[in-house]
**Student:** 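The structure that follows is given in the form of structure tokens.
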There are 2 protein chains.
Amino acid sequence: MLSDVMEDYLKAIYQLQRETDERIKTSAIAEELEVTSPTVTSMLDKLEERGLVDREKYRGVTLTDEGETVALEVVRHHRLLEAYLTEHLDYDWAEVHEEADRLEHHISEDFEARVADALDQPTVDPHGSPIPSADLERPERPDGKSVTEYEEGDVVTVEEVADRDAEVLTYLADHGVEPGVELEIVEVAPFGMITARSSRRDGTVSLPESIAHHVRVAQPAEVDG
Amino acid sequence: MLSDVMEDYLKAIYQLQRETDERIKTSAIAEELEVTSPTVTSMLDKLEERGLVDREKYRGVTLTDEGETVALEVVRHHRLLEAYLTEHLDYDWAEVHEEADRLEHHISEDFEARVADALDQPTVDPHGSPIPSADLERPERPDGKSVTEYEEGDVVTVEEVADRDAEVLTYLADHGVEPGVELEIVEVAPFGMITARSSRRDGTVSLPESIAHHVRVAQPAEVDG
DNA sequence: CATCGCGTTTAGCCTCGTCTAACCCTAAAT
DNA sequence: ATTTAGGGTTAGACGAGGCTAAACGCGATG
């Protein structure tokens, strides 16, 4: 019914939508999927025909409920796979993305269920990203904001590291930035770079703004104020 | 480099070659892959261009060494996956073929290695089919012949059940026909049907010739003669 | 309110893997 | 040796998914 490529487009639109809340532009999808804009336009025609996206010419698209359901299914596959690979096949969190990206389109519902069972129905993947539930209801937006919204002196808990680059992830793990750790923000540079002290490592770690932006954190129970 | 579809053709040719030892006909490949003959012809053109098959027009193909290596890689993936799914994800031997068929093209070398490690370098899959080794050397033809070559009174050990049909496999398992069991052949009907007594079940089991043909067996250490 | 730049869409082309219809080769049978 | 059945190949089409080049709409600018 739906091709792998169509699933990729829907997933891309879904993920872009989570970040911006606005209609998604052709060019944003093109960049995400590394294809040209005309290619995206023609695929959007097809997705619109099938009722998977709402479209306004020249103004971008949003997912329909049906399109979102498909996207959630793909995202569920992806994140379950990431979790399974780290838990049962000794993968590092930096390596799982690529493998999951290829496998996510090719597993059966049966496989999905067995993997979920083996992991005891996990709710987050190794990067702290929420795994959509089996019923594919629209998950609520996780609370917690980007670490870039905090200030010097704040102490926060890392909830999600939404980066996909293997080298970046390895660097972050080596410097104690992973879901679950506490960060004390020691400096916010004028150009956005954040320097923090991790509860898991000596010394400090510095995150350029583009990377810090993908680190979602929550403030632990406040000590004062 | 090589598409999934090309891999499928090479695998099909490899498997047909294991059965017959002769040049493989267009129509045999077409039947195996459920496509039409002209489709096969045009794919064989491409495989020949790439040096993966030796071709004689109107007389079928054989794999080149390079083509065989590719086929062995795919078969290794397939059988490792089958073994992994049964060992670690609680799949039944009847269910694994389809899943492995879809995944075999999409796993990395890394994944292959990790799965092989998790299984402690297995040499056969759940159906008793040999798993090509990691170096992809041409495996020797397993000894043992089809059970159809034996006669009433012979006692044999099942080595491989090379069927892919889930219903057939379920039936066979239910009736005690699996790798490792001993079969005593109690009747060979004129139309080829074999009736046997399994060491694992009461009563007898009858196998139509088309199914019996896929059951490869060895004769255990002879008692007399 | 006319223009201009940038991003989107249209138009047209390509490759891959598939099909059907028509043609042609091989091998077996006479 | 000729015929013929059956299977293989050629020819031409199509849908999917990609591209480049050119046309066009939107929104900001003067």
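Letters A, B, ... mirror the listed sequences (proteins, then strands); counts begin at 1. This one's a predicted model, so the numbers in the text were calculated from it and none came from an experiment.
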**Student:** Take atom OH of A:Y9 and atom C1' of D:dA16, then tell me their distance rounded to the nearest Å.
**Tutor:**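 Rounded to the whole Å, the gap is 11 Å.
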
**Student:** Nearest whole angstrom, please: distance from the C1' of D:dG18 to the CG of A:D4.
**Tutor:**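 Atom CG in A:D4 sits about 15 Å away from atom C1' in D:dG18.
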
**Student:** Please state how far atom CG in B:L10 lies from atom P in C:dG17, giving the value in whole angstrom units.
**Tutor:**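 Answer to the nearest Å: 12 Å.
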
**Student:** Measure the distance from CD1 on B:I29 to P on D:dG7 and round it to the nearest whole Å.
**Tutor:**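 Atom-to-atom, B:I29 to D:dG7, this comes out as 15 Å.
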
**Student:** Take the protein atom CD of A:E56 and the nucleotide atom P of D:dG27, then report the distance between them rounded to whole Å.
**Tutor:**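 Rounded to whole Å, this separation is 10 Å.
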
**Student:** First locate atom CZ of B:R50, then atom CG of B:L10, and finally report the distance between them rounded to the nearest 0.5 Å.
**Tutor:**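 B:R50 atom CZ to B:L10 atom CG measures 10.0 Å (nearest 0.5 Å).
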
**Student:** Return the value, rounded to whole Å, for the distance between atom CD of B:E31 and atom P of D:dG6.
**Tutor:**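 B:E31 atom CD is separated from D:dG6 atom P by 16 Å.
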
**Student:** In whole angstrom, give the distance that lies between atom NZ of A:K46 and atom C1' of D:dC14.
**Tutor:**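 After rounding, the gap between these two atoms is 13 Å.
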
**Student:** Given atom CG of A:D8 and atom P of D:dG18, what is their separation to the nearest angstrom?
**Tutor:**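 Taking CG of A:D8 and P of D:dG18, I get 9 Å after rounding.
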
**Student:** Could you check whether A:T41 gets within reach of a base, just the sugar-phosphate, or nothing at all, counting any heavy atom under 4.0 Å?
**Tutor:**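 It contacts base atoms.
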
**Student:** Quick one: do B:E104 and B:K11 make a salt bridge, cutoff under 4.0 Å?
**Tutor:**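 So B:E104 pairs with B:K11 through a salt bridge.
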
**Student:** Without hydrogens or angle criteria, can the side chains of B:S206 and B:T195 be said to hold a donor-acceptor pair below 3.5 Å?
**Tutor:**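 Yes.
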
**Student:** Output the distance between atom OG (A:S37) and atom CG (A:L44), rounded to the nearest 0.5 Å.
**Tutor:**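 It comes to 10.0 Å.
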
**Student:** Could you check B:M43 against A:S27 and say which one's nearest nucleotide on DNA chain C is further toward the 5' end?
**Tutor:**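 Of the two residues, A:S27 wins.
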
**Student:** Using OP1 and OP2 only, check whether a side-chain N or O of A:R55 sits under 4.0 Å from C:dT9.
**Tutor:**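 For A:R55, the contact criterion (side-chain N or O under 4.0 Å from OP1 or OP2 of C:dT9) is met.
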
**Student:** Please identify each residue that fulfils side-chain hydrogen bond (donor to acceptor under 3.5 Å, both in side chains) with B:E95, with sequence neighbours left out.
**Tutor:**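 A:R114.
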
**Student:** What nitrogen or oxygen pairs link the protein and nucleotides 19-26 of chain D at under 3.5 Å?
**Tutor:**
residue, atom, partner, partner atom, Å
D:dC19, OP2, A:T36, N, 2.9
D:dC19, OP2, A:T36, OG1, 2.8
D:dC19, OP2, A:T39, OG1, 2.5

